[in-house]
Amino acid sequence: MNSIWTIARKELADSFRNRWLIAISLVFAILALGIAWFGAAASGTVGYASTPATIASLASLGIFLIPLIALLLAYDAIVGEEEGGTLLLLMTYPLSRGQLLFGKFLGHGLTLALATLIGFGVAGVAIALLVDDVAIGTLAAALFRFILSTVLLGWGFIALAYVISVRVSEKPLAAGLALAIWFFFVLIFDLMLLGILVASEGKLNPDLLPWLLLLNPTDIYRLLNIVAFEGGAQLTGVLSLGSDLPMGPAGLWAALVVWFVVPLAGAWALFRNRRI
């Protein structure tokens with residue numbers, strides 16, 4: 001455990017030195033405050049609308065931003081060490097491959113978690129201080145759910161980035177595959193699912209359709225942040241299938257956890273068999 005924490009501290013120190021943590025926190029805080037005060041500008045009003053509307057808007061933005069940041073943060077975790085000539089050196093230390101991988105994941109995961117907590121936490125404090133009639137308890141609970149789900153979503157994409165990083169031997173290829181994963185889950189998956197539904201002409205088993213949403217962590221993330229406010233009527237497009245899921249919020253939370261545990265285990269298995 002000491003070896004894992006040593007690697008994690010090194011990754012955290014690198015994040016501070018490279019300004020990753022500060023930059024991500026600032027981006028999150030600015031975007032959250034902007035959405036809180038100007039999210040209702042399209043309807044002709046400026047100011048804080050409501051907590052559910054703010055969280056839903058933040059979640060809609062988060063599905064684009066969080067996966068991209070997580071992938072950029074971690075895509076070169078292993079292949080970067082190999083290209084830099086330090087991976088072979090690290091393997092000469094009394095350090096197993098699993099300890100190196102989990103230590104790096106812990107460091108990257110903490111970086112993203114701290115940035116998310118600081119960025120959205122600052123925005124939450126500003127809303128609580130500047131908005132007169134806001135319900136503090138509702139705001140705190142909503143932000144807690146949102147921040148936790150955002151961290152879990154980010155960890156899932158960090159784990160996916162690790163699968164790439166231990167599988168390829170060149171950083172440019174790893175970067176390209178990371179962007180391909182982002183495009184697939186954020187932009188292509190829902191369009192592909194809609195295409196399948198249309199092409200099937202109603203022949204697909206209707207009981208199976210809602211479960212297909214669990215194949216995309218960004219859909220799980222959106223469902224969590226909408227269902228939390230009993231907003232089932234607000235679900236549109238493929239997300240409307242989520243209203244038929246029998247698992248409830250607890251099952252969605254579990255699915256989001258599985259989405260970082262399984263890829264991380266896969267990355268570990270690949271790294272153990274990798275030739276250095």
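Quick caveat: nothing in here was measured; it's all calculated off a predicted structure.
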### Query
Do you reckon I118 sits in the same ILVMFWY cluster as V151, going by side-chain contacts under 4.5 Å, direct or chained?
no

### Query
Does one hydrophobic cluster hold both L112 and V122, with members joined at side-chain heavy-atom distances below 4.5 Å?
no

### Query
Hey, what do you get for CD1 (I7) to CG (L101), rounding to the nearest 0.5 Å?
11.0 Å

### Query
If only atom types and distance count, is the side chain of Y221 paired as donor or acceptor with the main-chain N or O of G62 below 3.5 Å?
no

### Message
Show, in sequence, the C-alpha distance, side-chain angles and deciding distance for I66 and F157, and conclude whether the side-chain contact (heavy atoms from CB on, under 4.5 Å) test is met.
### Response
CA-CA 8 Å; I66 301 301; F157 279 90; over 6 Å; no

### Query
Parallel, tilted or perpendicular: which fits the ring planes of F120 and F28, with parallel below 30° and perpendicular above 60°?
parallel

### Message
Tell me the closest heavy-atom pair linking R145 and W253, and the distance in Å.
### Response
O-CH2, 3.5 Å

### Task
Measure from the side-chain N and O atoms of W259 to the backbone N and O of G156, and report whether any donor-acceptor pair falls under 3.5 Å.
no

### Task
Could you tell me the separation between the CG atom of D219 and the CD1 atom of I63, rounded to the nearest 0.5 Å?
7.5 Å

### Task
May I ask you to test the L72-L68 pair for a side-chain heavy-atom distance under 4.5 Å?
yes

### Task
Walk me through it: do Q99 and T6 pass the test side-chain contact (heavy atoms from CB on, under 4.5 Å)?
CA-CA 10 Å; Q99 288 173 326; T6 299; over 6 Å; no

### Task
Mind checking ring pair (Phe, Tyr, Trp, His ring centres under 6.0 Å) for Y75 and listing every partner two or more places apart, or none if nothing turns up?
none

## Note on the structure
Closest non-hydrogen contact found for A123 with A29 is CB-O, 4.3 Å

### Query
Does some side-chain heavy atom of V79 sit less than 4.5 Å from a side-chain heavy atom of D76?
yes

### Message
Before you tell me yes or no, could you show the steps for V186 and I181 under side-chain contact (heavy atoms from CB on, under 4.5 Å), namely the whole-Å CA-CA distance, both residues' side-chain angles and the distance that decides it to 0.1 Å?
### Response
CA-CA 8 Å; V186 174; I181 285 179; over 6 Å; no

### Task
First locate atom CG of L148, then atom CZ of F144, and finally report the distance between them rounded to the nearest 0.5 Å.
5.0 Å

### Message
Distance check, rounded to the nearest 0.5 Å: I136 atom CD1 versus L143 atom CG?
### Response
10.0 Å

### Task
Looking only at non-hydrogen atoms, find the nearest pair between L12 and G107 and report the distance.
CD2-O, 4.0 Å

### Query
Is I164 reachable from F183 through a run of hydrophobic residues whose side-chain heavy atoms are each under 4.5 Å from the next?
yes

### Query
Hey, quick one: are F64 and I69 part of the same hydrophobic cluster, counting side-chain heavy atoms closer than 4.5 Å, chains of contacts allowed?
yes

### Query
Of the non-hydrogen atoms in A174 and V168, which two are nearest, and what is the gap between them?
CB-CG2, 3.6 Å

### Query
Between S3 (side chain) and L95 (backbone), is there a donor-acceptor pair under 3.5 Å?
no

### Query
Is there a donor-acceptor pair under 3.5 Å between the side chain of S165 and the backbone N or O of A161?
no

## Note on the structure
Heavy-atom nearest pair, W155 first then A113, reads CZ2-CB, 4.5 Å

### Task
Find out if a path of hydrophobic residues (ILVMFWY) with successive side-chain heavy-atom gaps under 4.5 Å connects V261 to I4.
yes

### Query
What is the distance from atom CD1 of I55 to atom CD1 of I147, rounded to the nearest 0.5 Å?
8.0 Å

### Message
Once rounded to the nearest 0.5 Å, what's the spacing between atom CD of E11 and atom OG1 of T111?
### Response
7.5 Å

#### Entry: Non-hydrogen side-chain atoms of L100 and L87 separated by less than 4.5 Å
yes

### Message
Heavy-atom count check: over 12 atoms from other residues, nucleotides or ligands less than 6.0 Å from W268 CH2?
### Response
no

### Task
Would you check if L153 and T150 make a side-chain contact, meaning some heavy-atom pair closer than 4.5 Å?
no

### Message
Quick check against the 3.5 Å criterion: does R222 have a side-chain atom that pairs as donor or acceptor with the backbone of I220?
### Response
no

### Message
What I'd like to find out is whether the side chain of L65 reaches to under 4.5 Å of the side chain of L31, using heavy atoms alone.
### Response
yes

### Query
Okay, side chain of N225, backbone of A56: is any donor-acceptor separation there less than 3.5 Å?
no

### Message
Is there a side-chain contact (heavy atoms from CB on, under 4.5 Å) between L152 and F260? Walk through the geometry before answering.
### Response
CA-CA 7 Å; L152 291 177; F260 84 81; 3.8 Å; yes

#### Entry: Nearest heavy-atom neighbours spanning V166 and V163
CG2-O, 3.4 Å

